[in-house]
Amino acid sequence: MKIFQPNWVHHDEKSIFSIDIHPSGERFATGGQGCDSGRVVIWNMAPVLSEQAEANKSVPRVLCQMDNHLACVNCVRWSGNGLMLASGGDDKLVMIWKKTLSGSGGGIGAFGGGGGKSVEHWRCISTLRGHAGDVLDLAWSPQDRWIASCSVDNTIIVWDAQQFPKIVHVLKGHTGLVKGVTWDPVGKFVASQSDDRSLKVWKTTDWSCFKTITEPFEECGGTTHILRLSWSPDGQYLVSAHAMNGGGPTAQIIERDGWKCDKDFVGHRKAVTCVRFHNSILKRSAPKTNKLQQYCCLAVGARDRSLSIWLTALQRPLVVIHDLFQDSILDLSWSCDGYTLLTCSGDGHIACLQFTAQELGTPLSEEDKNILYQRMYGKNANIDLTAQAEKEMIVENSDFLNVSKSNPLPPTLIPQQQQQQPQLGGMRQDGAGKVVQPASQPAAAIKSFSSLAAPTPILKQIETKTADGKRRITPMFIPLNDDNGPAGSHATNNIMPSSIEFGSKSSETSTVEIKQRAHEEPTIIPPPAERATGEPTSKLDNRLKKMATAPPQKAEPMTVPTDPQQQQQQQLSAPSSTIQPAANQKLMDRTRQPATYPTGKATVIQGHSFKAFGEVRVQVQNNTVKTSYGTLSRVVGVVVTAQRVERKLWETVVGSPIVCFAVGAKYAIVCSQDHTIRMVDIKTGTPVFPVLSLTSPAVLSAFSSNSQLAGVVTESGILRIWSVPEKAVLLSTSCAEIMSGSFVTILHVSDKGMPFIVLSNGSSYSYCRKLDSWMLINSSDPVIRHGLIGNKTNAPVRNIKTYPLSTIQSYGSFSGPKTNSFAELHSASWQTSAAIAFIENQIKICEMIASPAELKYWYSMLGFQLALNGSEEKIRQVLDDLLGASHNSLDTCRTLAGDDADDRSVLGISKQLLMEDVLNHLKTQTKWQRIYTEYLDQLKFLKERDGGGGGRDKPLME
């Protein structure tokens with residue numbers, strides 16, 4: 001890899017807000033501020049890439065300069081065919097430029113840079129007026145059919161690129177400044193990101209909003225000038241700018257399959273401003289196995305002035321470069337040959353990174369790319385005979401006329417427009433859908449060595465499981481020098497080039513080192529001036545050639561502290577694995593993580609540890625006070641102000657070492673090695689209970705999401721749940737009957753006092769006081785494994801308050817065959833029976849744990865499965881149950897009205913509403929039209945008779 005910083009590329013010391021490489025790779029454009037107007041400059045690429053061309057006076061550098069924008073230019077983008085250049089700026093205009101013959105055209109903008117003679121002549125062929133505010137980003141659609149522009153007027157305008165300045169559609173729905181827009185390479189969607197803390201996906205068929213994603217952006221502030229998101233060239237991944245995870249900035253990965261949000265790129269210290277995928281799908285042979293790998297490459301730029309390059313075939317960044325500029329990175333662009341990356345900054349400079357085929361791989365040919373698209377999206381697929389027979393069936397019900405004949409999509413757990421619910425302990429939802437977290441790495445996942453150097457770089461890294469269940473992968477050390485010894489690694493078997501997976505995988509097949517960290521001390525890296533001096537320059541990669549007069553600082557890897565008691569922070573460290581941050585430098589705890597005990601035994605907390613709820617933190621430190629009576633442990637309550645200044649609220653001491661503690665909104669529970677438990681007020685430190693003592697020390701403690709209930713699990717398996725305000729025990733039972741040689745690793749308490757536990761063997765349970773028994777939530781049972789993996793199209797959910805069943809099941813670690821969805825399962829009798837049995841059990845669990853949102857979802861999933869593979873008998877049985885006894889006889893209904901009043905709803909949800917969901921899925925299959933019509937008529941009759949019956953006013957068929 002080489003880095004260049006051509007200092008002759010500038011806008012008279014003004015900011016450069018955008019950069020884009022021409023599809024031919026011979027020129028590139030920059031947009032930004034001019035002397036007294038917006039400026040667009042087209043530059044020659046040859047002097048950037050070649051020292052010889054740069055020194056040759058006869059080789060032009062500036063090809064054309066256009067100062068036609070009345071205000072700063074925020075974005076420049078070349079069309080896919082390279083014939084046109086679009087620019088958008090603060091003057092609310094989008095200008096379309098086209099090259100003309102020298103001396104012809106003579107129109108607006110046909111002049112060169114700096115008042116000198118122009119080498120090329122580019123003319124503004126169209127000015128697009130429609131926005132009411134600054135235009136911040138632009139994107140051409142595949143095949144240059146449309147161009148989309150987004151603005152601070154909260155809209156996205158889609159323009160007809162064949163008939164400028166015709167407007168195809170104005171996309172409205174954002175409530176904040178829209179700062180980024182990108183097209184799906186398949187052409188089905190266009191995505192936008194806004195300051196309203198949302199990302200929207202719009203359908204190109206009718207320009208309606210197809211999906212709104214808000215959860216990863218809830219903590220974000222409007223701190224970036226732009227939010228440039230990007231879609232992967234295979235269409236499978238959409239990566240956003242400026243997301244947050246546990247208080248830290250990330251680039252959120254959104255998977256097209258179910259729009260899951262359970263992965264992100266971490267490590268940058270400030271907000272991510274722009275991401276840009278490589279234009280091509282890349283390929284190379286995996287080390288040792290020589291099996292074909294297909295993957296994507298992504299560049300990420302941020303306000304911390306650092307740049308990171310990621311490959312989806314690797315579980316760590318390929319390279320990280322710190323302090324590349326003096327200001328934020330604002331735009332990125334890959335060349336079509338795939339080995340050159342240009343980036344620009346608000347400080348008015350650009351940088352060029354050159355890679356080799358050995359480092360990045362080779363681009364996929366158009367033929368191979370088309371084959372991949374056909375496999376992924378069904379292009380030119382053979383006609384299914386069953387589907388063909390269904391098409392030839394006579395449609396008897398008009399509701400079936402407009403039903404799409406494409407593969408039906410399974411329901412999603414989290415409705416698109418639903419407001420995000422408060423989450424326990426800062427937990428995040430990882431997406432919309434049912435939980436599955438298979439332990440085995442999917443066959444299509446790709447892992448390999450980095451090919452930056454001939455010796456293979458070490459692959460040691462940390463995969464940290466955070467409190468919200470996310471897996472964050474951070475390399476221990478990414479060497480750029482050639483003196484590293486080889487590290488053991490192996491590629492995954494059965495490579496399937498049709499699927500590209502990001503590298504957050506299970507520990508069973510990954511070579512990563514997995515650690516769950518609790519009670520860790522966060523640290524920061526000292527400023528460069530404070531770091532160890534005398535770092536030999538030979539530590540830099542000998543391929544990294546500094547060719548600019550003002551070169552950037554050296555490329556540095558991301559590292560994490562090696563002390564297992566320190567908070568896992570995504571840090572940017574000096575390129576030496578021996579440099580450790582100063583122990584007295586601390587940052588705010590980013591993620592509250594559950595304590596884990598590998599042996600199931602209570603372990604004394606080492607060092608200084610704290611947990612927080614809101615602005616209040618509870619800090620514990622064992623064996624800090626030496627007295628003649630013995631050693632005391634200190635517990636301190638502090639409040640952290642908006643300026644991040646700590647103010648002590650209270651302090652107390654404990655006579656025995658602390659093994660675990662938990663913090664809620666009002667109370668904190670502290671458990672000691674001498675079997676004692678203390679409940680204190682979080683604001684004053686005053687005891688709420690007298691000191692309690694159990695038969696063994698607690699290993700886990702937790703509060704409910706409303707902080708009214710507190711629970712502990714001891715070494716011997718005793719489970720206690722107390723109602724803190726009432727100062728009374730709510731549940732007293734034992735986990736011993738289900739532990740069977742394992743131990744409890746996770747404890748959650750619902751607001752209703754329902755305990756959820758996860759054991760070390762992966763099984764999970766919930767205790768039902770009504771049945772006085774433990775309910776099985778997840779285990780190695782084949783029916784459960786088949787059911788959960790069959791639902792993997794929907795992302796794991798981490799919201800214990802709203803979706804307790806899905807959250808707990810997501811902690812399972814049981815593997816199974818790789819399938820993409822229920823829709824792709826074969827219709828073998830055992831699979832259908834197993835799927836229906838699993839779903840019906842999920843429904844019963846939801847009823848017992850009082851989870852109405854999940855109950856509705858699983859009824860909808862039952863309808864989906866029955867529509868695909870169910871029998872008429874089973875469908876009728878389910879529909880009859882939802883109709884109830886009243887559908888058989890009006891007299892029976894009137895006689896038993898009082899007894900059946902409660903039978904008309906489940907957990908407050910009308911059974912008629914659940915029936916509508918089932919019928920809507922039956923409507924996707926023409927073969928069920930007669931059953932659909934029969935039960936729809938009965939449902940309409942009951943609604944009219946009951947005056948709505950608690951259901952929706954208009955019956956379903958919309």
With no hydrogens and no angle check, just 3.5 Å: does a side-chain donor-acceptor pair link Asn778 and Tyr765? no
State, yes or no, whether a side-chain contact exists between Gln842 and Met861 at a heavy-atom distance under 4.5 Å. no
Show the nearest heavy-atom pair for residues Thr212 and Ser198, with the distance to one decimal. CG2-CB, 4.2 Å
Taking all heavy atoms of Phe703 and all of Ala710, pick out the closest pair and write down the distance. CE2-CB, 3.7 Å
Identify, with sequence neighbours excluded, every residue that meets side-chain hydrogen bond (donor to acceptor under 3.5 Å, both in side chains) alongside Thr676. Asp674, Arg678
Main-chain N/O of Ile777 paired with Gln809 side-chain donor or acceptor, under 3.5 Å: yes
Determine whether Ile254 and Trp259 satisfy the following criterion, side-chain contact (heavy atoms from CB on, under 4.5 Å), listing intermediate values before the conclusion. CA-CA 6 Å; Ile254 301 165; Trp259 307 102; 3.9 Å; yes
When rounded to the nearest 0.5 angstrom, what is the spacing between NE2 in His242 and CD in Glu219? 10.0 Å
Which residue is it: Ile849, Leu805, Leu747, Val749? I am looking for the one with a side-chain contact (heavy atoms from CB on, under 4.5 Å) to Phe756. Ile849
Determine whether a donor-acceptor pair (N or O, by modelled atom type, separation under 3.5 Å) exists between the side chain of Lys611 and the backbone of Phe661. yes
Is there a side-chain contact between Phe838 and His786, using heavy atoms and a 4.5 Å cut-off? no
Distance check, rounded to the nearest 0.5 Å: Thr695 atom OG1 versus His675 atom NE2? 7.5 Å
Heavy atoms, side chains only, cut-off 4.5 Å: are Ile909 and Tyr859 in contact? no
Any donor-acceptor pair under 3.5 Å linking the side chain of Asp751 with the backbone of Ser704? no
Do you know the tightest heavy-atom contact between Ser696 and Glu715? OG-N, 3.5 Å
Please assess Glu255 against Asp262 for the test side-chain contact (heavy atoms from CB on, under 4.5 Å), listing each intermediate value before the final yes or no. CA-CA 9 Å; Glu255 297 186 46; Asp262 58 347; 3.5 Å; yes
With a 4.5 Å cut-off on side-chain heavy atoms, are Trp858 and Ile845 touching? no
How close do Ile843 and Leu862 get, heavy atom to heavy atom, and via which atoms? CD1-CD2, 4.1 Å
Rounded to the nearest 0.5 Å, what separates atom OG in Ser705 from atom CG in Asn799? 8.5 Å
For the residue pair His921 and Phe864, categorise the inter-ring angle as parallel (less than 30°), tilted (30 to 60°) or perpendicular (more than 60°). perpendicular
Within the distance-only criterion (no hydrogens, no angle test), does the side chain of Ser763 pair as donor or acceptor with the backbone N or O of Leu759 below 3.5 angstrom? no
What side-chain donor-acceptor pairs closer than 3.5 Å can you find for residues 720-733, not counting sequence neighbours?
from, atom 1, to, atom 2, distance (Å)
Arg720, NH1, Ser732, OG, 2.8

Side-chain heavy-atom pair Glu218, Arg197 within 4.5 angstrom cut-off: no
So which heavy atom on Ala251 is nearest to which on Val239, and how close? CB-CG1, 3.9 Å
Is Lys911 atom NZ crowded by more than 12 heavy atoms from other residues, nucleotides or ligands, each under 6.0 Å away? yes
Are side-chain N/O atoms of Ser779 and Asp781 paired as donor and acceptor at under 3.5 Å? no
Under the side-chain hydrogen bond (donor to acceptor under 3.5 Å, both in side chains) rule, collect the residues that match up with Glu840, sequence neighbours excluded. Lys874
Separation between CG (Leu238) and CG (Leu199), nearest 0.5 Å, reads 5.5 Å
For the residue pair Ser806 and Glu854, establish whether any side-chain heavy-atom pair is separated by less than 4.5 Å. yes
Check: Trp650 and Val680 side chains under 4.5 Å, non-hydrogen atoms: yes
For residues Val659 and Ile605, report the shortest heavy-atom separation together with the two atoms involved. O-CG1, 3.7 Å
Kindly compute the distance separating CD1 (Ile682) from CD1 (Ile669), expressed to the nearest 0.5 Å. 13.0 Å
Are any of the side-chain heavy atoms of Val758 and Ile808 separated by less than 4.5 Å? yes
With rounding to the nearest 0.5 Å, note down the distance linking CD in Gln252 to CZ in Phe265. 10.0 Å
Carefully, step by step, assess Phe217 and Gln193 under the rule side-chain contact (heavy atoms from CB on, under 4.5 Å). CA-CA 10 Å; Phe217 314 106; Gln193 189 170 350; 3.6 Å; yes
Phe743 vs Val699, test: side-chain contact (heavy atoms from CB on, under 4.5 Å). Steps then yes/no. CA-CA 10 Å; Phe743 50 88; Val699 293; over 6 Å; no
